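This report concerns only the one structure given below.
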Amino acid sequence: MKFSERLYEKLQPIWRKNHTHPFVQGLGDGTLDKEKFRYFMIQDYLYLIDYAKLFAIGAVKATDVETMGKFAGLLDSTLNEEMSLHRQYAKKFGITEEELENAEPAPTTLAYTHYMLHVGQNGTLADLLAALLPCMWSYWEIGKELNEIPGARDHEFYGEWIQMYSSDEFGNLAQWCINLLDELTDGKKEEELEKLEEYFLNTTRFEYLFWDMSYHLQTWPKDE
Ligand SMILES: Cc1ncc(CO)c(N)n1
């Protein structure tokens, strides 16, 4: 069995929790409170700034030019395609680019990005991929699932989000990362696979926490 199949099977219950989170459900049926989505967009923009850096680290850790080029492409599409979705949504909300970049990360955003960057900086290329994969993979799955809901992709507000994450372009990038992780883990010892599984599990959990943070508009403790 491919390592990605093992991850997928083992973590199904946790993935389902992400799919059924009220934030995700609200995106799909269009009932999500705009204030929560606005908060999510700002936090997700900050998240993606650090996430993009993981692809840069991937290029550094790659051992062949083709893989380097792919990571460079992932870096480019995160900064210039995925984040332009956020910049467009920001315009709809009257949020300036300065405001976006100067916003303060909430506790969960900071914990999640720093965890991934720590694993990415200190580990192997396989470690980095295991940590970053739940992000792309779960958004692709969620995008595809929401895209099946009649009218969801044409929703005046959340439709563009669903279109982006259910797209073949986004899916192909996720699939490339899945395939590379499968290649890198082929024939690896069980001990090594368990370590990778732990990274993947932790960032899958962080995905849930990110939805939950946005749903509850998490802040740092008040009256500091
Ligand atoms: C928190 C989070 N996870 C995954 C993605 C997909 O890139 C995203 N934009 N944000």
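What you see is a predicted model, and the numbers here were worked out from it, not measured in a lab. When a ligand or atom number is given, it counts from 1 through the structure's own listing order.
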Inset, instruction - Check whether any side-chain N or O of Tyr89 sits under 3.5 Å from a backbone N or O of Trp161 as a donor-acceptor pair, and report yes or no. - result: yes

Inset, instruction - Please round to the nearest 0.5 Å and tell me the distance separating atom OG1 of Thr63 and atom CG of Leu125. - result: 7.5 Å

Inset, instruction - Looking only at distances, please establish whether an N/O atom of ligand 1 is found under 3.5 Å from an N/O atom of Tyr51. - result: no

Legend entry - Backbone N/O of Gln218 and side chain of His216: donor-acceptor pair under 3.5 Å: no

Legend entry - Heavy atom of the protein closest to atom 4 (C) of ligand 1 (residue, atom name, distance): Cys135 SG, 2.6 Å

Inset, instruction - Give the contacting part of Leu48 toward ligand 1: side chain, backbone, both or neither, where contact means a heavy-atom distance below 4.0 Å. - result: side chain

Inset, instruction - Indicate yes or no for a side-chain donor-acceptor contact from Asp127 to the backbone of Thr124 under 3.5 Å, with no hydrogens or angles considered. - result: yes

Inset, instruction - Tell me, please: is Tyr165 in heavy-atom contact with ligand 1, that is, under 4.0 Å? - result: yes

Legend entry - Nearest-contact summary for atom 10 (N) of ligand 1 - protein heavy atom, Å: Asp44 OD1, 2.5 Å

Legend entry - Short side-chain donor-acceptor distance under 3.5 Å, Tyr8 and Glu141: yes

Legend entry - Contact check: His86 vs ligand 1, nitrogen or oxygen atoms, below 3.5 angstrom: no

Inset, instruction - Just go through Trp140, Tyr139, Phe210 and tell me whose heavy atom is the nearest to atom 2 (C) of ligand 1. - result: Tyr139

Inset, instruction - Report yes or no: do Asn179 and Gln175 form a side-chain donor-acceptor pair below 3.5 Å? - result: yes

Inset, instruction - Compare Gln43, Met136, Glu207, Glu82 and give the one whose heavy atom is closest to atom 7 (O) of ligand 1. - result: Glu82

Inset, instruction - Spell out, as yes or no, whether a donor-acceptor pair under 3.5 Å connects the side chain of Trp220 to the backbone of Pro105. - result: yes

Legend entry - ligand 1 N/O within reach of Tyr112 N/O, cut-off under 3.5 Å: no

